[in-house]
> 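Below you will find the structure I want to go over with you.
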2 protein chains.
Amino acid sequence: MRKPRRARTASFRQTATNDESGDLSSPLANSPGFLLRLAQLRTFDEFYRSFAGLGVTPAGFSVLALIAANPGVRPGTIGEELRMKPSNVAALVNMLAAAGYVQRKTDASEMRASLLHITEAGAEAWREMEQIHRETDARLMEHLTSTEREWFVALLRKFLRR
Amino acid sequence: MRKPRRARTASFRQTATNDESGDLSSPLANSPGFLLRLAQLRTFDEFYRSFAGLGVTPAGFSVLALIAANPGVRPGTIGEELRMKPSNVAALVNMLAAAGYVQRKTDASEMRASLLHITEAGAEAWREMEQIHRETDARLMEHLTSTEREWFVALLRKFLRR
DNA sequence: TATTGTTATACTCTATAACTATA
DNA sequence: TATAGTTATAGAGTATAACAATA
């Protein structure tokens, strides 16, 4: 359920346009798509560093977060929110259920749907993870000023709006 | 060498803090790590949409870009720059070589190293891809004003600096 | 017949290990 | 012995297909 993450260091110094320290020309150094890819790699690295030993992946963490904040939420809703396929949501819920963090119930008025609830153990684990996650995000952003952080999040949100 | 990408729609409307349109509470809606993850998913979706039929993945594209811009570059340098393991760089170079886009030569003064060069066919393919990539990035950013775009890229670069 | 969800499985990407050749 | 690169392979994540149950 875990995943090691390690890689030779990457670096993108900022110069007028693209190049790197030595003499390497990086034609993608200003490509938002490429930069987002590297940014997410860094994000996962930090996640695994913080959550080592907790037995959760980023995906599992995000599913648990949604269930904790929305008791009775349905798998389909989680999939839309997190852009996961229904089958993969089910697999993650299975793992969370096996860990004793989550329970499936069935909606009396909609017998097809299953309603996801967090258990007491799940709520406790979530409280701990929430704290670690806050610290992880803080570490991710530590090179930015507080104004830059606000802009960064706001721009990411606008980037995602459709 | 391709990869389909499709998912049920995700949406994060912006409100004061976190919630979603209906009534879903999204505790991660302001988490940079989570937002970066979604942003990259969108990036890959757009990439595959644009490059459908061209037989390149984002990774292969980025390797070709570096070789095109840096004739004689070495696999190790590419790995550092793109945060790929040496073994995976080799596999991608194999694919690009099989496509006739890239050639391996050996450095006379460093017989261990292999120097990567783009072929004529590769250069031509790259010119086409470069154009498509520019359009893809433009589409990605179309919801942002030009000031926001500059900020977004600048902040991503700063976020990645170490 | 369409929708919701689950299981099973195939495919792709990334990481690790073993190996060759050169320094 | 350490470094650069490659091959082979295992593991994790994601997608597709088939199915059951309900609407």
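Here is how names work: the chains are called A, B, and so on, in the same order as the sequence lines, proteins then strands, and each is numbered from 1. Hydrogens, waters and symmetry mates are skipped; everything else that's a heavy atom, side chains included, is used.
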> Counting only side-chain N and O atoms of Arg74(A), is one of them less than 4.0 Å from OP1 or OP2 of dT6(C)?
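No, outside the criterion.
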> Cut-off 3.5 Å, side chains only: do Arg37(A) and Ser62(B) have a donor facing an acceptor?
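There is no such pair (donor and acceptor under 3.5 Å, judged by atom type) between the side chains of Arg37(A) and Ser62(B).
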> Under 4.0 Å from OP1 or OP2 of dT7(D): is there any side-chain N or O of Asn94(B) that close?
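For Asn94(B), the contact criterion (side-chain N or O under 4.0 Å from OP1 or OP2 of dT7(D)) is met.
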> By nearest nucleotide on DNA chain C, pick out whichever of Arg37(A) and Ala91(A) is the more 5' one.
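Between the two, 5'-proximity favours Ala91(A).
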> Between Ser87(A) and dA17(D), is there a side-chain N or O to OP1/OP2 distance below 4.0 Å?
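Negative; the distance criterion is not met.
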> How many whole angstroms separate atom CZ of Arg112(A) from atom P of dT4(C)?
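Rounded to the whole Å, the gap is 6 Å.
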> Atom NZ of Lys85(B) to atom P of dA8(D): distance rounded to whole Å?
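About 20 Å, once rounded to whole Å.
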> Using the ring of each side chain (for Trp, its six-membered ring), is Tyr48(B) parallel, tilted or perpendicular to Phe44(B), with breaks at 30° and 60°?
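Perpendicular, since the angle between the ring planes exceeds 60°.
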> So among Thr136(A), Asp137(A), Thr43(A), which one has a side chain to side chain donor-acceptor pair (under 3.5 Å) with Ser31(B)?
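Exactly one candidate clears the test, Asp137(A).
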> In whole angstrom, give the distance that lies between atom NZ of Lys105(A) and atom P of dT4(C).
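Going from Lys105(A) (NZ) to dT4(C) (P), I get 22 Å.
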> Without decimals, in angstroms, what is the distance between Met95(A) CE and dT14(D) C1'?
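My rounded result for the distance is 12 Å.
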> Closer to the 5' end of DNA chain C via nearest nucleotide, is it Ala90(A) or Ala108(B)?
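Comparing both residues, the 5'-ward one is Ala90(A).
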> How are the rings of Phe152(A) and Phe152(B) set relative to one another: parallel (under 30°), tilted (30 to 60°) or perpendicular (over 60°)?
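Phe152(A) and Phe152(B): tilted rings.
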> Find the distance Arg104(A):CZ to dA21(D):C1' and express it as a whole number of Å.
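Distance, rounded to whole Å: 15 Å.
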> Distance check needed: dG5(C) P versus Leu115(A) CG, whole Å only.
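Distance check: Leu115(A) CG to dG5(C) P gives 9 Å.
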> Roughly how many Å is it from OH in Tyr48(A) to C1' in dT14(C), rounded to a whole number?
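Distance, rounded to whole Å: 11 Å.
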> To the nearest angstrom, how far is Asn88(B) atom CG from dA15(C) atom C1'?
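For the pair Asn88(B) CG and dA15(C) C1', the rounded distance is 7 Å.
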> Go through it in stages, so that I can follow the logic: the residues are Glu142(B) and Arg161(A), the test is salt bridge (charged side-chain N to carboxylate O under 4.0 Å, His left out), and I'd like the CA-CA distance, side-chain angles, deciding distance and then a yes or no.
CA-CA 11 Å; Glu142(B) 71 188 356; Arg161(A) 212 166 308 142; over 6 Å; no
> Look at the side chain of Glu110(A) and decide which nucleotide, out of dT22(D), dT14(D), dT6(C), has an atom nearest to it.
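Taking heavy atoms from C-beta onward, the closest nucleotide is dT22(D).
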> Just compare dG5(C), dT7(D), dG5(D) and give me whichever is closest to any side-chain atom of Pro75(A).
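Output: dG5(C).
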